[in-house]
Amino acid sequence: MHRPTINDPVQYLKGVGPRRAVQLRRAGIETVGDLLYYFPKRYEDRRTTIPFNRMAKGQTVWMQGRVLGGAVQRPRKGLSLTKLALESQGVVFHATWFNQPFVLQQLVPGTEVVVVGRCSRRFNSMEIAVSEWEIAGQGPVLSTGRIVPVYPLTEGLNQKAVRCLTHSVLHAHPDPEPEFLPDDIRSRYDLPELYTALWEIHYPSTPENAARARNRFVCEECLLFQLALAKRRIAGDDPKPFRHGPDGTGISALIDSLPFALTRSQRRVWTEISHDMQSPKPMRRLLQGDVGSGKTIIALLALVKATEAGLQGALMAPTEILAEQHYRQTAKMLTPLGLEVELLLGGQPPRERALALKNLRSGQSKLVVGTHALIQESVVFANLGLVVIDEQHRFGVKQRMLLQDKGLEVDSLVMTATPIPRTLALTLYGDLDVSTINELPPGRRPVNTHFVYPSRLPRVYEFVRREVTAGRQAYIICPLVEESEQLENEAAVNLYEELRTGPLQRLRLGLLHGRMPGDEKSRVISAFNRGELDVLVSTTVVEVGVDVPNATVMVVFDAERFGLAQLHQLRGRVGRGAAQSWCILVGQPKTDEARERIKTITSTTDGFKLAETDLRLRGPGEFLGTRQAGLPGFKVTDLVNDWKFVEDMRREAQILLAGDPDLSAPEYQPIAQKLEPLIRKLSL
Ligand code: ADP
Ligand code: MG
């Protein structure tokens, strides 16, 4: 027989016609290699069946028997019942199929058939309602007598079809799929060799061997990912073409101009960052710190330090509102130091944009703040030395890599308030050093968080009025509309009108949503900032970063629909000054999960605890949000439960590359080849 190679399209396999090929493609299977890596989602242990006399009603059982005969009954229109009498070791039992009249022709008397299904007893006879069946004696029986794989299916595919394909391909031993995991790693972690592992993950001989096979593929994924990250890092590790001296007068002038003293944590992380910038290797650092811990000032210090070496710096934020706020703060604090700051946004007037681009290209402007408009190709720097990405979790891994690549040897600092459990951090940020601000500025009081049903809204509005009378400000976040941003904006407009003419009459209300023209948005947010508005009715556009310390009330409608991370971020908009702040969650949780989320957010303000609960409730894909989902290369690994392997493989990757940075030894050729497409995916 022709031995398939792993790059052969599945179409050329026996039993795969054009229709099946389309179905397989829908499941992401194009080549023989894809099929081999199409792993079962679970198994059913059907090694032994239960004897007739112990079968209980409702149990799933499996039997092999010889067909004695049968008939199709049609009890009513649209329903057919095929009932066959089968015999096994002198005992007669019945098997029934719903709406599959054709089986009668296939299973002529004398045929040996294996059936799987729920068992029921009628008088003295046993009946199986068939869910899976196959003819025995035509090849290996795949659905019983073993630990049976259960595959994820897409429309048109069934277990039988996928099992036949994986089994026949494994049986043909495709070529070439050489082992690429280094031997010493395999032996250290007791991992089966590739071909064995493929057999064992599809058709395990024992549950223990299935687990070992799975471990192998987890390690494989983790090792490849860490190697890819590390190799990218090495690629960007050429020494910087410029040198930084110790902190200069700009830094001390900025620190002196602050109305507060830096916290101990802030001073520590600044030392780490400053040290990184002074080193000849480009900085790759993640700055973690809970909402309100004061990361922005650290970013500004780094930007000033870049300018002290005569270099340019860029600060990127995920939303226009945040970018503008950073721009205003940066300009206010740095113009006195003689530094020009530019602003780059998506929907900017062309003239403004052209001027900003010109000033950056000529090097006349040292600093720029912007949204992802910064990664566009038209943005050219005279001598970029530092990029800072704020709220990095709102960007994808790829976007981070893109900005980093804008100048290869630039320093980069990424900041996030979403505390990420260690395993995930190692995966997402495996190539970054981490600094953590682990305290809030002094005098902050934890935000008081309460949950109320909508029937209590009159009391909530009364409370908002009282705070406003006391000179404070409030946010009111309108319901989340997942279907469309348009609808969400309309909801905000409606709520604004309702409040303005009803319960919050005579207060100064502002409205903010994503579709408002850019200058309108900035007008509203600066008015709120200056205290000219009492209440800001908004969509989630204010979720991250917005900093108005005088605001003390955050009201969130339909709170049960928000994720924990999002609620924590929204709550982080208040409690930024010394005054006591409140977060009022309005909603009607309907599921247990929603109730648990509300319970968690009202009982703790610890971002780390929240993140772990969130991860447990939603799993890593959801936790990371759509932007971070689809991490290339992870199919088997559970980033939460497989943390040990994630850590081990990160270490192994480092050891491997320390010994052979290019993986040029002949024994590393196979793994180096595996790596190439993954590195490409990470850079796209
Ligand atoms: P985040 O870490 O969420 O980005 P910000 O940088 O926006 O937090 O800081 C939150 C608020 O705390 C700002 O109003 C900022 O001016 C203030 N702040 C920062 N550092 C300190 C400090 N050491 N002492 C007092 N207030 C500070
Ligand atoms: Mg911030």
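In each ligand, atom 1 is the first atom listed, and ligand 1 is the first ligand listed. Small disclaimer: the values here were computed from a predicted structure and weren't measured.
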Expected output: side-chain Lys358 to main-chain Gln364 donor-acceptor under 3.5 Å: no

Check: Thr271 side chain, Arg267 main-chain N or O, donor-acceptor pair, under 3.5 Å: yes

Basic-acidic side-chain contact under 4.0 Å: Arg576, Asp547: yes

Candidates Thr449, Leu567, Thr605 - the one meeting side chain to side chain contact (heavy atoms under 4.5 Å, CB included) with Cys583: Thr449

Option from Val447, Val548, Val291 for which side chain to side chain contact (heavy atoms under 4.5 Å, CB included) with Arg573 holds: Val291

Under 4.0 Å from ligand 1, counting heavy atoms only: the protein residues, by chain and number: Phe260, Ala261, Leu262, Thr263, Gln266, Asp290, Val291, Gly292, Ser293, Gly294, Lys295, Thr296, Pro441, Arg444, Asp547, Pro549, Arg576

Lys/Arg N to Asp/Glu carboxylate O, Glu308 vs Lys305, below 4.0 Å: no

